[in-house]
*Asks:* 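Pasting a structure below so you can have a look.
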Amino acid sequence: MSSLVKCPHCGLRPREEFTIRGEVATPRPSAGADEATWFDHVYLRDNPRGEHREYWHHSSGCRRWLVLTRNTLTHETSDVVDASTLKTEGAQ
Amino acid sequence: MRYSALSLLGNAFSKNKNWKPAWRNPDPKPNYDVIIIGGGGHGLATAYYLSKVFGVRNVAVLEKGYLGSGNIGRNTTIIRSNYLLEGNNPFYEFSMKLWEGLEQDFNFNAMVSQRGVINLFHSDAQRDAYTRRGNAMRLHGVDAELLNRDQLREKLPFLDYENARFPIMGGLMQARGGTVRHDAVAWGFARGADQNGVDIIQNCEVTGIDRDGDQITGVQTTRGAITCNKLAMAVAGSSSHVAKMVDMRLPIESHALQAFVSEGLKPFIDTVVTFGAGHFYVSQSDKGGLVFGGDIEGYNSYAQRGNLACVEHVAEAGMAMIPALSRVRILRSWGGIMDMSMDGSPIMDRTHLANLYFNGGWCYGGFKATPASGYCFAHLLATDTPHETATAFRMDRFARGYLLDEKGVGAQANLH
Amino acid sequence: MTSFRIDGGTLIDRHDVRRFTFNGEVLSGFGGDTVASSLLANGKQLVGRSFKYHRPRGILTAGAAEPNALLTIGRDGRRDPNTRATMAELFDGLEARSQNCWPNVNFDIGAANGLLGPLLGAGFYYKTFMWPAAFWEKVYEPLIRKAAGLGRASYDPDPGYYEKCWAHCDLLVIGAGPAGLAAALTAGRAGARVIIADEGAQLGGGLIAEGSSIGSKPADAVLGDLVGELHALPNVEIKKRTTVFAAYDDQVFGAVERVQKHLPEHEINPHRAMERLWRIVARQVVLATGAEERPIVFGGNDRPGVMMAGAMRTYLNAYGVAPGKRVALFANNSQAYQTALDLEARGIEVAAIIDPRTCPNIDYDGKARLIAGAMVRDTSGRRAIKSITVRHDDGSDEVIAVDALGVSGGYSPIVHLACHRGGKPVWSDAHVGFMPPENTDGMTSCGAVAGKTGIAACFADGGTAAVKALAELGVMSEAASLPGVEQAEEKADPIQPIWRVASSKGKAFVDYQNDVAASDIMLAMREGYDHVELAKRYTTNGMATDQGKTSNVNAIGILAENKGVSPGEIGTTTFRPFYTPVSFGALVGASKGMDFQPVRKSPLHGWAARNGAKFVETGPWYRSSWFPKDGETFWRDSVDREVNTVRTKVGICDVSTLGKIEIFGADAAEYLNRVYCNAFLKLPVGKARYGIMLREDGFVYDDGTTSCLGENHYFMTTTTALAAGVLTHLEFCAQVLWPELDVRMASATDQWAQMAIAGPKSRDVLSKIIDDDISNEAFPFLAAREVSMFGGRLKGRLFRISFSGELAYEIAVPAGYGESVADAIMAVGEEFGIAPYGTEALGVMRIEKGHVTHAEINGTVTPADLGMGKMVSVNKDDFIGRVMNLREGLVDPSRPSLVGIMPKSPSDKFATGSHILNPGDDVSLANDQGYVTSMCHSPTLGHAIGLALVKNGPSRVGEEVVIWNGLAGTTVTGILCNPAFVDPENEKLHA
Amino acid sequence: MRDYPLENRSAFSPDVAVGTGAAINLAPVPGGFVIHVLGDAKSDEAALKQVLAKIAPELGADVRKSAPNQWFWVGDAAVYSDRLTELQAGLVNQFALADQTHGRVRMRLSGASSRTVLAKGTMVDLSADLFAIGQSAMTQIGHIGAMITRIEDDSFELIVLRSFAASLWDELHHMAAEFR
């Protein structure tokens, strides 16, 4: 979905209401991680042709950060979740 | 066949029946000294300069579609060298100098038109930033001129000076900037490279890269396996996709940028103008269409198309600059895929593999860079050392912190 | 002049006579006419000139695909260049002019280009104009550019109002021909929310031109019934004059409604849109866009009077206009025979029907002579057709005198909208055309675009398509039963493709507007430009305003024929938005001029205005930049006075535009400690602290102060420029990086009117309105807390912070009270000599004090570059940017760092953006030492001062440098110095 | 300054035109309060809502959801900051209250064409079956963020940042002009 996004909190909304940050990179490293791990997190991207997970912020709506699973070839979105669930899920 | 007044006249008499193909359509040979992946502007220019300047002629250019089917044929045709940073400015100026002699060099009229590029500013802060940039250009001997409102009004009387939400204060002009007929650049380089013996192989998609340890041995393609001594990537837009074949992750995201053309109009605007209070740049093609563009879509994309929100955004900025556009109709929009790097500047360097060379990350500045990118990449391929104007485009600058961030927005690709 | 208007015409109203001008000549037509139909009725066959050769051109079509009849309509701000005469509705007083011709359309000097035809073949310009090199710039290019384009655009602003609108539906039906109408009726009866859009002024599409009966009823009566029922259904929205121009992701369709383009100026409602952009969100779509009749590529096929056979039928039946007196038809399919029958029914002589098929399977019982197995190879006539030359199957030629020729080379389904999202059309040998792609999610094609022929078959198909689309939504429906449907049968009607008449004499055009002939396509092939995209780009076929609607398939056919492959193997060029051109006005809507972007106004805007402020655009805000007093003629007079007032007495400045964020939660302190690079964990209640926020890449993002107002309650300020960005960043940190922390944020920028009260007398002034003790002991530097004001009648937040370097406070009060409080401060401050000051004076004072703003925090600096390296915590485990801030390149000692700069001679001036060179060095980028980030005239010091980022700056204080401004052609000797020009010991702050 | 005449000014100029047509009518909603209620993101929303449901009627407040675990309390009575402090004290860990009475401006758009006018600005489908009376949406009207709440069949309340209020007003004014 690159014209409309189904915000899990607000429903179907247009692209204009969102701020896009880009790829969900590797998780933010722990404080003690080395520079290489940090470099990877801050700079390197998979940038796949196909399914892609990325951060969108519903800045003109609920102001929640979302994670979209979207296909970069077809622009079809298969999943939208609140971004806070990433870390909670990761911890489980 | 060399193009000349005589050849044109001669062929006119023979009803244009005797023109020869501009390039051969060869089958791939089993082995090349250098394989260049990507038959777009940069790949073809690399092959051209490799064969012409560095004497490397056993070269193949592999193109998955038709030659010039990438961004060389889907941009807004602007050339300029108005860069700020020491790592960028000399490279783009080198490119400008190559543009200035290109047509005689490759005997193909690409309609290089140095009609001037003007960047408008609307606030004191923008004026100061352009002063800094213009002075950086001047330091390198690049032409730059700061125009005030009155000078601008004389050149571009139809901009909105009276009823503008963000009044225009002036502009930074590079008189040597301008436009080039984009497709012709690909064709000119292709024809020149072909004449030097380079094999340009169309409809040949690379599907895998063969290696032996840290050596590349060749590529798998839709037209069979080909071996090579050196492998060069010039696939901006798809860099991450190809790099993945050798497990390389890049500081690059792919983003779609739309460009537009209006219906053909009688002469309307005779320079390239960039709006400073929104995303819009425009020039008029020799056929009369206003060619213009704006910002990238914002989301990662490999689809060569965009969405309506961005179209409206561009149109709004355009009309804020030129109110008379209201009844001008937009004919067509198209999309290209940009390699958006994490600092907004390109990467041209050797890689972790001994004989793999990378050229990409051009963001939306690839077109103007085409000749210098080809020249410098050829230099790197032939000599294993970067050309003196391209020493800053190193791959490790991100890890080491020597960034080339013209905009100062940091490690977020879609902001550059 | 002969009139070609005859009886009949279902669309026109003969009582409504409308006068218009064409190239200055006064003509008349009727209500319901298009400009094209009225020109034809007036016998105007020659209406325009082609782009390259300036060949005479006439009206080819009756619809959106028109390549030739492009006119400039209207004048001044209402001038529309390149308007298709076939789509423009006639109104009284309309002014139309031909384009690309001089001195006029009948005699055009540019036609001389035609003589150079052999030289000007496809791509000729790539091979020439290179010698001598200097001539390109001076001679060739100006000539080429002068010849550019067709119509001339106005430089006047458009007085019309435009707007945008969203629409939602279960089913969007695109095209209101028989298939679309049947689909809409089917869905409408089933109760679905339906939008049906059509580019025409009337619904009906192919039904409009249908002269005969359908079932037992006349076609126009059937149409009337259908439209009547649709109008009566409340769940069906009908959009006439609405072109769906593009299909975008997620079933969003762009459409433009020409709301008032058909009205004369005096009837235009200035409050209603001229054009309205619709953004239609559709759950399902029925594509009923029909098919485009194809021209045939033969010699002289561009002569005025050559027209599509279907267009002839439209002009005849819908507008009562005869295409000629003696007409021939050249067609490879049977639909054209209906045109012959209709012509004959109106008493127009049909001289011949030339059909390349040897045994056409047709049931034509008219009077015309049928010439089978033959082709038209040439035409004659200077400004309009006089005769055609027919090549018989035995190789003999025959010249037939005609004044019009109808042509039909088959039908190209209008698949654009099915392909805008990347779908590729599929070649069909049976239909001799490219059909819509097979897998278009949510879009069902029907009618002619799906290859159906005949009204009844389209009715049936439309109903079926709607049933299918609604089933996807779980809605059961029944296809609307329409006249003739039960008798609908698919008739075998094999079309014989002709991509090019090989025996053509003279130029055989493929793309009329761009003058691309068959020989050009073949030349492109010979030269290696044989891919369909390369051929297009080399010849410019399909790149004109009609985007190849009539030319692309023929060009593909020619390529295929010459390569000996199927057109399907050649494939099409990419179908891209827009289906037909869309005006900037429509895409912009109301967001133009001063309404380009919304305005944000400070709660103190009115107060500032009353005090004479000059405002300046700062992002969306208007900020007060200075407050001129009587007698001050130059901005700096005011700014200098404002600075002096603050430095010696007291001033008041509106700082409400700073971003303000309320931060709550049990983990708020921990959170702040992680988002700032300096320590925040132990900030006590009642205290403010300056903080620097880094980006994760280790560079400075923003700075500001955060105050602890209570347990688990903080109040952050950001810069004006980055207020939105910082909040978004903070939310990212809270929601994505550390959702486990209890931290909640609310933007409070608009809640508070905030004023800086600065100067040695600021405490005296504030004491008069604040009830609490604000003495230095009770309220020291960096104190921050809620205070009672005006005898307990108002609560505000007081912060003892200073950007100017003076004893200063910022007081925040609820926004509605802002003006009142500012007025009160002005009143009580009068005895102390208070004056309002603006952002200019604020800027001067912060430079004098060496404080940084985004002129220095430009996204490429580290805290150390700004002289604040010591602020970066070395004790904290983690904060945003900690690790990347330590990279080699960010700690490189030669990085440009903040330093003050002033001219050696106090009378010298210099500019921000100047670069710094070492004395004696060559002027070169390699010798660049840095640049001036900010400068001002310091009224306190009496000369220019500045801040600069200079290599090793702080260690070079006292050095002489060159301040180089090549743009202005000036060099000034400068001295590097401490950036704190005023009160470096911070004595004033703590006073 | 104990008797200095303090005045709470509207974001609109006093002479702002108020339409009275049947088709369309735009009017500021003066006075009252707007409080941003922020629950902990990790709490159970239903439980938070219950707490809110208990205290809201006491203030005569309409509770409009703005985000997960966040609401706007909107009411027509004046609520003074002391009362807010008192409320906050009673709710310490569950909710944080941010007074937005001055930061947000309310206006009402009503009349038969109100939905058509709003469709010129927002993508949210406001048809009655999808957007019932009492329902709210944080969205964008043109370029300006706003909260839309359906008050009656043909009546919507808009809440907008104070600094944008005049701009939004002007925009709505233009959009509604054809119906006046």
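Because the structure is predicted, anything quoted here is derived from the model rather than measured. Numbers restart at 1 for each chain; the letters A, B, ... are given by sequence-line order, proteins then strands. Atoms considered below: every heavy atom in the structure, side chains included; atoms not considered: hydrogens, waters and symmetry mates.
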*Asks:* Under 3.5 Å, is there a donor-acceptor pair between the side chain of K164(C) and the main chain of G589(C)?
*Replies:* no
*Asks:* Identify which part of Y579(C) has an atom lying under 4.5 Å from any heavy atom of chain B, answering side chain, backbone, both or neither.
*Replies:* neither
*Asks:* Quick check on the interface: out of Q304(B), R133(B), K407(B), R24(B), who has the most heavy-atom pairs with chain C under 4.5 Å?
*Replies:*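 Most heavy-atom pairs under 4.5 Å with chain C: Q304(B).
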*Asks:* Is the shortest side-chain heavy-atom distance between N307(B) and V252(C) below 4.5 Å?
*Replies:*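 Counting from C-beta outward, N307(B) and V252(C) never come under 4.5 Å.
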*Asks:* Taking every non-hydrogen pair under 4.5 Å, which of L146(B), N16(B), N25(B), D405(B) racks up the most with chain C?
*Replies:*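 When all of L146(B), N16(B), N25(B), D405(B) are compared, N16(B) has the most.
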*Asks:* Does any heavy atom of chain C fall under 4.5 Å from the side chain of A5(B), the backbone, both, or neither of them?
*Replies:* both
*Asks:* Apply the test side chain to side chain donor-acceptor pair (under 3.5 Å) to residues N135(B) and H915(C): give CA-CA distance (whole Å), side-chain angles for both, the deciding distance (0.1 Å), then the verdict.
*Replies:* CA-CA 7 Å; N135(B) 276 322; H915(C) 283 240; 5.4 Å; no
*Asks:* Against chain C, label A399(B) side chain, backbone, both or neither, depending on which of its atoms sit under 4.5 Å from a heavy atom there.
*Replies:* backbone
*Asks:* Chain B heavy atoms under 4.5 Å from Y538(C): which part of the residue, side chain, backbone, both or neither?
*Replies:*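 When you check distances to chain B, atoms from both the backbone and side chain of Y538(C) fall under 4.5 Å.
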*Asks:* Just by distance, do the side chain of D286(B) and the backbone of I144(C) share a donor-acceptor pair under 3.5 Å?
*Replies:*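 It does not hold such a pair.
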*Asks:* What part of K146(C) gets closer than 4.5 Å to chain B, counting heavy atoms only: side chain, backbone, both or neither?
*Replies:*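 The backbone, not the side chain.
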*Asks:* Which atoms of D595(C) are under 4.5 Å from chain B, going by heavy atoms: the side chain, the backbone, both sets, or neither?
*Replies:* neither
*Asks:* Mind ranking P157(C), G121(C), P577(C), G593(C) by heavy-atom pairs under 4.5 Å with chain B and telling me who comes out on top?
*Replies:*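 The option with the most such pairs is P577(C).
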*Asks:* Is there a donor in the side chain of E316(B) and an acceptor in the side chain of Q597(C), or the other way round, less than 3.5 Å apart?
*Replies:*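 Per modelled atom types, E316(B) and Q597(C) side chains form no pair under 3.5 Å.
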*Asks:* Counting heavy-atom pairs closer than 4.5 Å to chain B, which one of M522(C), K592(C), H420(C), R78(C) comes out on top?
*Replies:* R78(C)
*Asks:* Less than 4.5 Å to any heavy atom of chain B: does that hold for the side chain of F699(C), its backbone, both, or neither?
*Replies:*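 Interface part for F699(C): side chain.
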*Asks:* Side chain, backbone, both or neither: which part of R181(B) has an atom under 4.5 Å from a heavy atom of chain C?
*Replies:*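 Looking at R181(B), just its side chain touches chain C.
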*Asks:* Does any donor atom in the side chain of S625(C) or E840(C) lie under 3.5 Å from an acceptor atom in the other side chain?
*Replies:* no
*Asks:* Have D343(B) and Y402(B) got a donor and an acceptor in their side chains that come within less than 3.5 Å?
*Replies:*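 Note: D343(B) and Y402(B) side chains miss the donor-acceptor criterion.
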*Asks:* So which residue, M525(C), R576(C), M274(C), ends up with the most heavy-atom pairs under 4.5 Å with chain B?
*Replies:*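 Max contact count across the listed options: R576(C).
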*Asks:* Hey, is the main chain of D270(B) close enough, under 3.5 Å, to the side chain of R145(C) for a donor-acceptor pair?
*Replies:* yes
*Asks:* Using heavy-atom distances under 4.5 Å, tell me whether L120(C) contacts chain B through its side chain, its backbone, both, or neither.
*Replies:* neither
*Asks:* Pick one of side chain, backbone, both or neither for H854(C), based on which atoms fall under 4.5 Å of a heavy atom in chain B.
*Replies:*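 Neither; nothing under 4.5 Å.
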*Asks:* Are R887(C) and F398(B) in a cation-pi setup, meaning NZ or CZ lies under 6.0 angstrom from the ring centre and within 45 degrees of the ring axis?
*Replies:* no
*Asks:* For Y529(C) and W187(B), what are the C-alpha separation, side-chain angles and deciding distance, and is it a ring pair (Phe, Tyr, Trp, His ring centres under 6.0 Å)?
*Replies:* CA-CA 9 Å; Y529(C) 303 87; W187(B) 301 338; 4.9 Å; yes
*Asks:* Give, as side chain, backbone, both or neither, the part of I322(B) having an atom under 4.5 angstrom from any heavy atom of chain C.
*Replies:*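 Looking at I322(B), nothing touches chain C.
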*Asks:* Tell me, side chain or backbone of L890(C) under 4.5 Å from chain B's heavy atoms, or both, or neither?
*Replies:*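 Both parts, backbone and side chain.
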*Asks:* Flag yes if more than 12 heavy atoms outside L6(B) fall under 6.0 Å of its CG atom; otherwise flag no.
*Replies:* no
*Asks:* Is there a side-chain contact between Q513(C) and D546(C), using heavy atoms and a 4.5 Å cut-off?
*Replies:* yes
*Asks:* Does the ring pair (Phe, Tyr, Trp, His ring centres under 6.0 Å) test come out yes or no for Y155(C) and F268(B), once each step is laid out?
*Replies:* CA-CA 8 Å; Y155(C) 278 131; F268(B) 184 84; 4.9 Å; yes
*Asks:* Side chain, backbone, both or neither: which part of D124(B) has a non-hydrogen atom closer than 4.5 Å to chain C?
*Replies:* side chain
*Asks:* Would you tell me whether E617(C) and S123(B) have side-chain atoms, one donor and one acceptor, within less than 3.5 Å of each other?
*Replies:* no
*Asks:* Examine whether an atom of F13(B) lies under 4.5 Å from a heavy atom of chain C, and if so say whether it belongs to the side chain, the backbone or both; otherwise answer neither.
*Replies:* neither
*Asks:* Relative to chain C, which of D160(B), V261(B), L172(B), V409(B) shows the most heavy atom pairs under 4.5 Å?
*Replies:*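 Of D160(B), V261(B), L172(B), V409(B), V409(B) has the most heavy-atom pairs under 4.5 Å with chain C.
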*Asks:* Would you mind checking which part of E137(C) comes under 4.5 Å of any heavy atom in chain B, side chain (CB onward), backbone (N, CA, C, O), both or neither?
*Replies:*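 Side chain only.
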*Asks:* Which of the residues L9(B), L325(B), L403(B), L308(B) is involved in the greatest number of heavy-atom pairs with chain C at under 4.5 angstrom?
*Replies:* L308(B)
*Asks:* Which one of A324(B), P323(B), S326(B) has the most heavy-atom pairs closer than 4.5 Å to chain C?
*Replies:*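 Looking at each of A324(B), P323(B), S326(B) in turn, S326(B) comes out on top.
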*Asks:* As an exercise: rank K52(C), E888(C), R279(C) by heavy-atom pairs under 4.5 Å with chain B and give me the winner.
*Replies:*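 Most heavy-atom pairs under 4.5 Å with chain B: E888(C).
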*Asks:* Would you mind checking which part of A122(C) comes under 4.5 Å of any heavy atom in chain B, side chain (CB onward), backbone (N, CA, C, O), both or neither?
*Replies:*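 Looking at A122(C), nothing touches chain B.
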*Asks:* As an exercise: rank Q202(B), R127(B), H140(B), R138(B) by heavy-atom pairs under 4.5 Å with chain C and give me the winner.
*Replies:*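 Between Q202(B), R127(B), H140(B), R138(B), the count favours R138(B).
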*Asks:* Only pairs of heavy atoms separated by less than 4.5 Å count here; which of R421(C), R79(C), E696(C), M884(C) has the most with chain B?
*Replies:*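 Top option by heavy-atom pairs under 4.5 Å: R421(C).
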*Asks:* Closer than 3.5 angstrom, by distance alone: can the side chain of S14(B) be matched with the main-chain N or O of N11(B) as a donor-acceptor pair?
*Replies:*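 Checked: pair present.
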*Asks:* Using atom types as modelled and distance alone, determine if a side-chain donor or acceptor of H531(C) lies under 3.5 Å from a backbone N or O of E533(C).
*Replies:* yes
*Asks:* In terms of heavy-atom proximity below 4.5 Å to chain C, should K20(B) be classed as side chain, backbone, both, or neither?
*Replies:* backbone
*Asks:* Spell out, as yes or no, whether a donor-acceptor pair under 3.5 Å connects the side chain of R165(B) to the backbone of S591(C).
*Replies:* no
*Asks:* Is there side-chain contact between L150(C) and E263(B), with heavy atoms separated by less than 4.5 Å?
*Replies:*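 They are not in side-chain contact.
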*Asks:* What part of A147(C) gets within 4.5 angstrom of chain B, counting heavy atoms only: side chain, backbone, both, or neither?
*Replies:* backbone
*Asks:* Can you say whether M137(B) sits under 4.5 Å from chain C via the side chain, the backbone, both, or neither, judging by heavy atoms?
*Replies:*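 The answer is neither part of M137(B).
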*Asks:* Using non-hydrogen atoms only, which part of R526(C) is less than 4.5 Å away from chain B: side chain, backbone, both, or neither?
*Replies:* both
*Asks:* Is it the case that the side chains of N858(C) and T860(C) hold a donor-acceptor pair, with the cut-off being a distance below 3.5 Å and no angle test?
*Replies:*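 Note: T860(C) and N858(C) side chains meet the donor-acceptor criterion.
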*Asks:* List the atom of F292(B), the atom of S262(B), and the distance in Å for their closest heavy-atom pair.
*Replies:* CE2-N, 4.2 Å
*Asks:* Check whether E275(C) reaches the backbone of V256(C) with its side chain - one donor and one acceptor, N or O, closer than 3.5 Å.
*Replies:* no
*Asks:* At a heavy-atom separation under 4.5 Å, does V328(B) approach chain C through its side chain, its backbone, both, or neither?
*Replies:*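 Both parts, heavy atoms under 4.5 Å.
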*Asks:* Under the rule for ring pair (Phe, Tyr, Trp, His ring centres under 6.0 Å), what residues qualify as partners of H122(B), not counting sequence neighbours?
*Replies:*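 Checked H122(B) against ring pair (Phe, Tyr, Trp, His ring centres under 6.0 Å); matches are F275(B).
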*Asks:* Can you tell which part of S154(C) gets under 4.5 Å to a heavy atom of chain B, answering side chain, backbone, both or neither?
*Replies:* backbone
*Asks:* Is there a donor in the side chain of S113(B) and an acceptor in the side chain of R115(B), or the other way round, less than 3.5 Å apart?
*Replies:*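 Present: a donor and an acceptor within the cut-off.
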*Asks:* Just checking heavy atoms, which of residues 103-110 of chain B are less than 4.5 Å from chain C?
*Replies:* E103(B), Q104(B), N107(B), F108(B), N109(B)
*Asks:* With a 4.5 angstrom heavy-atom cut-off, which part of A22(B) approaches chain C: side chain, backbone, both or neither?
*Replies:*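 Looking at A22(B), backbone and side chain both touch chain C.
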*Asks:* Using non-hydrogen atoms only, which part of Y140(C) is less than 4.5 Å away from chain B: side chain, backbone, both, or neither?
*Replies:* neither
